Amino acid sequence: MVMKKILYLTLSFILVAFSSCAKPDEEYVHDDCTVHAMYMVTPLSTVAKQLVGDIDQDNGTISFSIPREQARYWKDKDGVPTKVKLSANLAYDAFVSPSLLGLHDIIDRSLEITVTANMTGKSKKYTITASFER
């Protein structure tokens, strides 16, 4: 009788032990190196203006079109285009090189950046430009 109890207890312990083991979830690899949205903000104007960039993922370009009625916000008092602040929405664990910190001179010029997925090292290059509407 005691042997039967020990056998039943051992079998039930083995069943519980093996049935409670779950397979671990697959690890998600973060390899998205795309810019999902980019914003350009006026740094010098007393009225804050923000524009959203038009992203072409196939060509790797991000362009900002400054409306004619907003042109004064994007120029200094001498009519020279100002440097702008840039910010971007990226995927988890991605970074931009060179950094978007500081002011950038992209109006009628271009800035090249590289977005890299930190986990895999996969990267994508973008060219950022801004111009006034004619």
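Fair warning: this is a prediction, and the values are worked out from it, not measured in the lab. All residue numbers in this chain count up from 1 along the given sequence.
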How about Asp54 and Ile62: do any of their side-chain heavy atoms sit closer than 4.5 Å?
-> no
Separation between CZ (Phe132) and CD1 (Ile107), nearest 0.5 Å, reads 4.5 Å
Criterion side-chain contact (heavy atoms from CB on, under 4.5 Å) on Phe95 and Asp93, from CA distance to verdict | CA-CA 7 Å; Phe95 64 93; Asp93 205 26; over 6 Å; no
Got Val35 and Asn89 here, is their nearest side-chain heavy-atom distance under 4.5 Å?
-> no
Nearest non-hydrogen partners of Glu133 and Pro67, listed with the distance | OE1-CA, 3.5 Å
Verify, without hydrogens or angle tests, whether Asp78 (side chain) and Val80 (backbone) share a donor-acceptor contact under 3.5 angstrom.
-> no
How far does CE of Met119 sit from NZ of Lys122, to the nearest 0.5 angstrom?
-> 14.0 Å
Test log, rule side-chain contact (heavy atoms from CB on, under 4.5 Å), inputs Val84 and Phe64 | CA-CA 11 Å; Val84 297; Phe64 293 93; over 6 Å; no
Counting only heavy atoms not in Lys124, do more than 12 sit closer than 6.0 Å to its NZ atom?
-> yes
Just wondering, do Lys49 and Gln70 contact through their side chains at under 4.5 Å, heavy atoms?
-> yes
Can you tell me how far the OG1 atom of Thr116 sits from the NZ atom of Lys125, to the nearest 0.5 Å?
-> 8.5 Å
Geometric cation-pi criterion, Lys85 with Tyr39: 6.0 Å, 45° = no
Can you tell me how far CD1 of Ile128 sits from OG of Ser110, rounded to the nearest 0.5 angstrom?
-> 9.5 Å
Rounded to the nearest 0.5 Å, the OG atom of Ser123 sits from the CD1 atom of Ile113 at a distance of 11.5 Å
Minimal heavy-atom distance between Tyr126 and Gln57, with the atoms involved, is OH-OE1, 2.6 Å
Looking only at non-hydrogen atoms, find the nearest pair between Arg72 and Glu69 and report the distance.
-> NH1-O, 3.2 Å
Looking at Leu86, Asp105, Thr129, Thr127, which hits side-chain contact (heavy atoms from CB on, under 4.5 Å) with Leu111?
-> Leu86
Shortest non-hydrogen pair, His36 vs Thr34, comes out as CE1-OG1, 3.5 Å
Does any non-hydrogen side-chain atom of Val115 lie less than 4.5 Å from one of Leu90?
-> yes
Do you know the tightest heavy-atom contact between Ala130 and Met40?
-> CB-SD, 3.9 Å
Does a side chain donor of either Thr61 or Asn59 reach within less than 3.5 Å of an acceptor in the other side chain?
-> no
Between SG on residue Cys33 and CG on residue Asn118, distance to nearest 0.5 Å = 12.0 Å
In terms of heavy-atom contacts, Asp32 and Ala94 come closest through O-CB, 3.9 Å
Does a side-chain heavy-atom distance below 4.5 Å link Leu100 with Met38?
-> yes
